[in-house]
Undergrad: 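Quick one: the structure is below, and I'll ask about it shortly.
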Amino acid sequence: MTDPATEAFVAHRNLLFTVAYEMLGSAADAEDVLQETWLRWVTVDLASVQDQRAYLVRITTRQALNRLRTLGRRRESYVGPWLPEPLLTAPDVAEDVELADSVSMAMLLVLETLKPTERAVFVLREVFDLEYDEIAEAVDKTPAAVRQIAHRARAHVAERRPRGAVSPAETRGAVDAFQRAVETGDLQDLLAILAPDVVLLGDGGGVKQAVPYPIVGADKVSRLLAIGLPRLHSQASVEPAQINGSPALVVRIDGEIDNVVALRIDSGLITGLYIVRNPEKLSRVEQETAVSR
């Protein structure tokens, strides 16, 4: 028979993982945070807990904040651009537009530009709709301070998030067009779907070859893709998949995942290309990861 503490933790586990992942951009680190949350949760007197969900979110947030500050220092020495760890997500994630947007590669990169406490406040308020007093307990601030932080973070994100709403059909259409262009190597087809100011980022983690700095502009990006992606490799395959709640591409060579290509789409054009090649970040692409709000 399962004890009450385990039942509560299991019931909210997907939510807690999502909170930690959105704060850290790493499934591996999110899992570590969940382990730390569990170790603290089993010492709590459940009779004193009025709202188990809020209490668990508070523990998870505090642990994630501690880890986020450590990761910030670690990422300063990361080789090349750092990208979030891609997750293979279930089709129903895309149906929750706010959840899909919050876990998208584009949004996670925007969240990376926030300070740790700003990121925690934004995620808890804008994504999980927690009250200011609940967030205040999680981040050790007053509700008034949390309101100010939330306002500042909201404005910061609004300046950097995707410029226009894109329907799932438009997104799938852009991904399909991109896949065809990559497979044929047709520069004109590529140029037709890339925004003039498109940015390509590659993450090899110093283990696999990747572009060492952002590539900006449709012409440069299309030429790089035409020669760089494995369309000429006889054992290469390009498969559509849902990554972080959005359509993306998984590139395999000899049956093994070589990279994941996630896209940011604004007004029907691709404005961001995120290519993850670091093998340590590809373990969550073979099997679905559950995220929830």
Undergrad: Within the structure provided, determine whether Phe122 and Ile149 are in side-chain contact (heavy-atom separation under 4.5 Å).
TA: no
Undergrad: Could you check whether any side-chain heavy atom of Arg40 comes within less than 4.5 Å of a side-chain heavy atom of Arg62, counting everything from C-beta outward?
TA: no
Undergrad: Within the 4.5 Å heavy-atom criterion, are Glu288 and Pro91 side-chain neighbours or not?
TA: yes
Undergrad: Does NZ or CZ of Arg264 lie under 6.0 Å from the centre of the six-membered ring of Tyr274, at an angle within 45° of the ring axis?
TA: no
Undergrad: If we only count heavy atoms from C-beta on, is the Asp32 to Gln35 side-chain gap below 4.5 Å?
TA: no
Undergrad: Using the salt bridge (charged side-chain N to carboxylate O under 4.0 Å, His left out) rule, collect all pairs that involve residues 50-59, keeping only residues at least two apart or in two chains.
TA: Arg58-Glu137
Undergrad: Under 3.5 Å, is there a donor-acceptor pair between the side chain of Arg119 and the main chain of Met23?
TA: yes
Undergrad: Check whether any side-chain heavy atom of Asp29 sits under 4.5 Å from a side-chain heavy atom of Tyr21, and report yes or no.
TA: no
Undergrad: Does a salt bridge link Arg125 with Glu134, judged by any charged N lying under 4.0 Å from a carboxylate O?
TA: no
Undergrad: Strictly by modelled atom types, are Ser104 and Ser246 linked by a side-chain donor-acceptor pair under 3.5 Å?
TA: no
Undergrad: Side chains of Glu22 and Ser102: donor-acceptor distance under 3.5 Å anywhere?
TA: yes
Undergrad: Just so I know, are the side chains of Pro81 and Asp203 near enough to count as touching, which here means a heavy-atom distance under 4.5 Å?
TA: no
Undergrad: What I want to find out is whether Arg293 reaches Glu126 closely enough, with some N-O distance under 4.0 Å, to be called a salt bridge.
TA: no
Undergrad: Can you check whether Leu16 reaches Phe9 side chain to side chain, under 4.5 Å on heavy atoms?
TA: yes
Undergrad: Is Arg172 paired with Asp176 through a side-chain N to carboxylate O contact shorter than 4.0 Å?
TA: no
Undergrad: Within a strict 4.5 Å, meaning less than it, do heavy atoms of the Phe128 and Val19 side chains meet?
TA: yes
